[in-house]
Amino acid sequence: MMCAQLQKIWSELNPNELAKVLHEKALICFLNQSGKFMYVSQPLTVLLECDESELLNKSINSLQCTKVEQQAKHPLWGIISNETFWNGYIDLSTKRGKDLRVLTTFALLENKELHESYYIGIFDLNPLHVDFQMFKENDSCYNSFFNNSPIPKSVFDLETFKYVDVNEAWEDYTGFNRNNALNHTPNELKLHTVFNSEFINTIKSSENISISHDKVELINHSDSIKHATLTFKKIFIHNQAYLLEIIMDSTERLKYQKVLEKISKKSVQKKDVILKLAGLVGGDLSYVFKEITRLAAKTMRIERVSIWQFEEGKNTIACQSAYNLKEHDYFKQVEFKAHDYPKYFQYLFKHKTLRVDDAIHSEQTEEFAERYLKPLNITATLDVLIQGHQTHYGVLCFEHIGSKKEWTIEDEEFATSIANIISLAVECDKRNTAEIELIKSNQKLVGLNSELKNLQKKLEQENIYLREEIDLVFNYEEMVYGSKSFSQVLTDVERVATTNATVLLLGESGTGKELLARAIHNTSSRKSKPLIKVNCAAIPKELIESELFGHKKGSFTGAISDKLGKFQLADGGTLFLDEIGELPLDMQPKLLRAIQESEIEPIGGTKTQKVDIRIIAATNRDLQEEVQAKNFREDLYFRINVFPIIIPPLRERIEDIPILLEHFVNKYSKLYSKSVKYISEETKRDLQSYSWPGNIRELENLVERAIILSNDEKLKIPNFKSSEKESLISSTNLSLDDVQRIHIKKILHKTNWKIEGPDGAAELLQMKPSTLRDRMKKLGLKKLT
């Protein structure tokens, strides 16, 4: 405050007038904008052992003591010229070579009348020394910032790097007593080894510094290991520099991160195995069974996996394939009479799945104990019923040997998916066998070719089972897809669903943001609690606070009773804030506080209420642009942008259009009692060439209208061309022309329909421009206007 007043008074005087005002014994000088002396007081020239004429128009850097390495690296004028006010110690050398350490203050002055600015320098040989112990006992700011802080903090001497003070939070965290820590280094306490020579040199060579070390291993007083982020900052207490250390614990975060990585890795591995096994369907059944048992055992890390088949009207069950993980060998088991184990089969037929962690003592499996489980040391079993065409085919068994095993829901879901693949493989094998027999019997009957074609058409229709059964691949939480881009979106959904992290869904209208939000909720630990949806664009500005936080009776006109807000309704569950980009600007700080503090205050209420909710937000706007345009608060954007998921529009996943088309046709054919089965090939191509500004919602509405208008088995979509060449809607196999058309269209979109020249579509496809134009004409590719 004193400095500010002096600056105001001195700025009205020129340097000569100012020199007269100052005391004749003051150690002062004036510097111009280049750091050269304009004026030096008589006492200062005596101190520096030289005449005023020897200093005028010389740089202040010429007085620095060159023996001090730190000052050689940091010239004094380079430090002062960057500040309007600077205070600190400097080392000077007199004309006769005497070294001085002086406390110096420099302030920038501006003379408005003369339109010039200059620096005044004041030197103090004997600054008042304040004892550190006295300072920390009497300074209220220090007590608030340091002693009373819940965050572990400590202060070091910059010469010895020994503790000079620690707070109670530091004692609680490290387990070391304050008295035992003072005057010791972290190395002496064996707490951490951050203070190496490189660190010490970095700290000492910088005037002001802040350094953070992440994932530092700390060994507390009880020798247990913790992990934390250490932040070091230089602080000045009455011009004396100290080193402040702040500890932020990250032990649990690192543990949780490792668990998430492990779960994610297992999930991806299981998905890859399911895809690989699904691709085996249609091959030799014996080989398929061997691969299923081997890969399932390896993926689940279970010692024994086996496939059993019912025989003689379910009276006998026999092993068809079995694999031992430890011995890497296949083996066969004896047959069992089903009527000898009534409890087991009654439970399995009723529940389809049997998950037993203690197989020896379980009521359902104890009948097997003496004859089968104990001799093989099987302690836990997970069995899934395999569905056949008209009856049950058999049982898929996972058998754990040795130590205790606890099966998880993920294990059960994986086993169920494998059982579905086995069911498909068995049915496909039966159809293949029937087809071979049919071909043999019809070699001499050319006239029955039409019947054979009808059978092939029927088989194509029945292939729909593969997508319906393997929901991890084609149908995740009611979402139909097959593209790699949307599969990556669902991978992100699986990763974040098991956490409580805030999710931001970004995508155009009609891409399925609400469906993804529901999928995240349904696969999270909060699925037993409600998912509450709030459409921020549909609620009037005057009512949105009441909708979110509720109100008390009489708090405003029309409030005739208490009302619970969406935050209260979602307590324990998930709150889905749809179209959050439409939220009024004056409501955004209130929403930020509610999300950040996990507490709300109803309108007219006097008490805050804690809530436990998971936030999922969605928008079709570019929130970064909205932040720049001051339409959306930056702090709220950072708070909800913890885990963003970008949903690709339908035009970027055209390979999903046939699958979605089939799904919507089946859905609305059942709804309106229609039997639509076929579609024109030209219509299919036009659907894949259309830009779909309304995305999946537009496609669904278009199919529903087409189903209503259809009078036969052929789907005719309004405003899309049709032809005589037809195919089954359920057939998702692409012809060579389809593949070429999709690939060429992607390249044309990439080049903005530029065909010739550098970076043109012809160059990227390695084709002549004329050849590309002919191919586009043949495939019916035209740029939409």
Side-chain angles (χ1 to χ4, degrees), residues 253 255-279 295-296 298-301 353 382 384 406-421 466-507 511-529 531 573-576 613-618 640-648 652-653 655-656 659-660 663 696:
R253 175 175 63 82
K255 287 182 181 178
Y256 192 51
Q257 183 177 339
K258 289 181 180 179
V259 171
L260 283 178
E261 290 174 353
K262 187 177 180 181
I263 292 173
S264 177
K265 185 177 180 181
K266 279 187 83 174
S267 176
V268 172
Q269 184 183 13
K270 287 179 179 179
K271 184 186 293 185
D272 291 341
V273 168
I274 290 174
L275 285 169
K276 184 175 182 179
L277 293 179
L295 289 176
K298 183 178 179 181
T299 304
M300 291 272 282
R301 296 181 181 178
T353 303
L382 174 59
V384 181
E406 293 185 3
W407 304 102
T408 65
I409 295 296
E410 290 77 13
D411 294 335
E412 185 175 336
E413 290 176 348
F414 178 73
T416 302
S417 297
I418 298 299
N420 289 334
I421 292 176
L466 185 59
R467 290 188 307 280
E468 292 178 347
E469 293 295 331
I470 310 175
D471 58 343
L472 283 175
V473 183
F474 294 111
N475 195 334
Y476 179 85
E477 288 292 318
E478 304 178 353
M479 284 172 280
V480 180
Y481 72 102
S483 63
K484 183 178 179 181
S485 60
F486 199 75
S487 177
Q488 182 59 46
V489 170
L490 295 186
T491 299
D492 290 341
V493 167
E494 290 178 357
R495 288 175 178 171
V496 77
T498 56
T499 74
N500 281 321
T502 301
V503 180
L504 178 60
L505 302 175
L506 302 167
T511 52
K513 295 188 287 294
E514 182 177 350
L515 204 59
L516 282 172
R518 192 171 299 280
I520 294 172
H521 173 76
N522 290 342
T523 53
S524 72
S525 58
R526 298 172 178 265
K527 62 184 177 182
S528 60
K529 297 293 184 177
L531 169 66
T574 304
L575 181 63
F576 177 44
I613 58 174
R614 197 250 186 94
I615 297 293
I616 301 176
I640 64 175
N641 194 37
V642 176
F643 195 96
I645 298 178
I646 300 175
I647 308 168
E652 293 180 9
R653 39 184 288 220
E655 55 267 50
D656 285 342
I659 302 174
L660 290 165
H663 173 74
I696 299 176

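All values below were derived from every heavy atom in this structure, side-chain atoms included, with hydrogens, water molecules and symmetry-related copies excluded.
Distance check, rounded to the nearest 0.5 Å: CZ of Arg526 to CG of Leu531 gives 11.5 Å. Interatomic distance, Ser487 OG to Asp656 CG, rounded to the nearest 0.5 Å: 10.0 Å. Atoms CD and CG, from Glu655 and Leu660 in turn, are 10.5 Å apart once rounded to the nearest 0.5 Å. Considering OG1 of Thr523 and CD of Glu410, their distance stands at 10.0 Å, rounded to 0.5 Å. To the nearest 0.5 Å, atom OG1 of residue Thr416 and atom CG of residue Asp411 are 10.5 Å apart. Put simply, CH2 on Trp407 and OG1 on Thr353 are 12.5 Å apart, with the number rounded to the nearest 0.5 Å.
Scanning both residues, His521 and Lys529, for their nearest heavy atoms gives NE2-O, 2.9 Å. Ile640 approaches Leu504 most closely through the heavy-atom pair O-CB, 3.5 Å. Smallest separation of non-hydrogen atoms from Thr511 and Ile696: O-CD1, 4.1 Å. Closest of all the heavy-atom pairs between Val489 and Ile646 is CG2-O, 3.6 Å. Scanning all heavy atoms of the two residues, the minimum distance from Ala517 to Ile616 falls at O-CD1, 3.8 Å. Of all heavy-atom pairs between Lys513 and Ala618, the closest is CD-CB, 4.0 Å.
For the side-chain contact (heavy atoms from CB on, under 4.5 Å) with Val493, the qualifying choice from Leu505, Ile645, Val503 is Ile645, the only one to do so. Residue Ile274 forms a side-chain contact (heavy atoms from CB on, under 4.5 Å) with just one option from Ile421, Asn420, Thr299, and that option is Ile421.
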_Pair Leu516, Leu490 - check side-chain contact (heavy atoms from CB on, under 4.5 Å), show working._
CA-CA 8 Å; Leu516 282 172; Leu490 295 186; 3.7 Å; yes

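Arg614 contributes a side-chain N or O that, together with a main-chain N or O of Ala501, makes up a donor-acceptor pair within less than 3.5 Å.
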